[in-house]
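Each remark here refers to the structure printed beneath this line.
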Amino acid sequence: NISSVASREGVATYVIGGFVRDFLLDRGKPVDIDIVVVGSGIDIAKKVAASLPGKPEVNVFKNFGTAMIKHKNLELEFVGARKESYHHDSRKPVVENGTLEDDQKRRDFTINALALSLNETDYGTLLDPFNGISDLDNKIIRTPLEPGITYSDDPLRMMRAIRFATQLRFEIHRESLEAISAHKERINIISKERIVEELHKILLSPEPSIGFSLLHQTGLLHIILPELTALQGIEEIEGQKHKDNFWHTLEVVDNIAKATDDLWLRWAALLHDIGKAPTKRFDKKIGWTFHAHEFVGAKMVYKLFKRMRLPLNEKMKFVQKMVLMSSRPVVLSQENVTDSAIRRLVFDAGDHVDDLMTLCEADITTKNPKKQKRYKNN
Ligand code: ATP
């Protein structure tokens, strides 16, 4: 359909990006297909919709020059081929019309720049100016342009590189990794919502530790979730050591990921020990202690969610509950647990909710002197 409409209109069209990548990797059913039109994406979308049975609605995003049609559980996204250039202080590019190759150049990674022709003369031909196929075969995340430019232009790509490396179990090319480390501070121009979207995807991957190790290695984690990097390191006093709570956390997250697909339980596993950094103390009698780190941790979850613009709703309370019971994910990590077993434990956590609610009210406002003392001390 697209092909015949486009050829009637005399414009070239291509399928590009995630669909082509996932099709070649055999990654299951697509949900969206991106189509580049060398001409007006909006015009072609309207004409394609008119030619489809039931004439589906066209959602036009004029500011972006894109249009979307929903057809048979698929979202068809049409965009005019474009050339982009960037200003230093924004990830919003200056856009002008361009060729297919200009459009491929603006893509983040070579594996996301692959295009399939929909044109009658060369239908199905793969257009791969940046050796994306070879990177797919060798499982490499690499940028089409010089990586320093790619990441500095749009620093969200740093998160995307790490997210794709985690989801696909690909390696990030060495020069890319170096560029991410060098430009890490640029992440500050990205909205928290965008960052969190990528963190969700990393957490929902089969082995989230791949992503968190890369975030740590590049220095991004220290900027976005310093509560976690604060857990790293082992101290020794009088011959006594404690475990490295950062690497331990990543192990727990991977273990939880084997047991459940629940995003918030995975967040809870990630944050289950964050109270340990501020509560760490060496006691001559008992050695290393993290006294009441669960309470401190639960409060830190609230602040972290607020800062990262994560929803301050039931889901946050759920994460806090799990953090309050923070020994549980550790126990769970050592067993072969099922989703329902975890849910039972979460249910048990109800016992702590009253404490938790007091803790989260603006500040420590409890009238119970015993509790007041405990909170003050922590
Ligand atoms: P997924 O659906 O798993 O997120 P995807 O590749 O389809 O994967 P989208 O975010 O839907 O990801 O993006 C579609 C395509 O748009 C990408 O394949 C890529 O070519 C391009 N793209 C998306 N975001 C960027 C970006 N920040 N910089 C450059 N190109 C991008």
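Below, all heavy atoms of this structure are taken into account, side chains as well, without hydrogens, waters or symmetry copies. Every number for a ligand or one of its atoms is a count from 1 in the order of the listing. Here the structure is a predicted model, which means the values were calculated and not measured.
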Could you tabulate the donor-acceptor pairs under 3.5 Å formed by side-chain atoms of residues 280-290, not counting sequence neighbours?
from	atom 1	to	atom 2	distance (Å)
Lys280	NZ	Glu235	OE2	2.7
Lys280	NZ	His242	NE2	3.0
Asp283	OD1	Lys285	N	2.7
Asp283	OD1	Ile286	N	3.1
Lys284	NZ	Glu238	OE2	2.9
Trp288	NE1	Gln240	O	2.8

remark   = For Leu145, the side chain to side chain contact (heavy atoms under 4.5 Å, CB included) test, sequence neighbours excluded, returns Lys105, Thr150
task = In plain terms, say whether Glu198 and Arg163 are close enough for a salt bridge, that is, a side-chain N and a carboxylate O under 4.0 Å apart.
result = yes
ask   = Can you tell me if Asn188 uses its side chain to pair, donor with acceptor, with the backbone of Glu185 under 3.5 Å?
value = yes
note = Distance filter under 4.0 Å, heavy atoms only, around ligand 1 gives Gly17, Gly18, Arg21, Asp34, Arg91, Arg106, Arg107, Asp108, Asn112, Asp154, Arg157, Arg160, Arg163, Phe164, Lys201
ask   = Can you check whether Trp264 and His200 have ring centres sitting under 6.0 Å from each other?
value = yes
ask   = Can you name the ring pair (Phe, Tyr, Trp, His ring centres under 6.0 Å) partners of Phe246, sequence neighbours left out?
value = His216
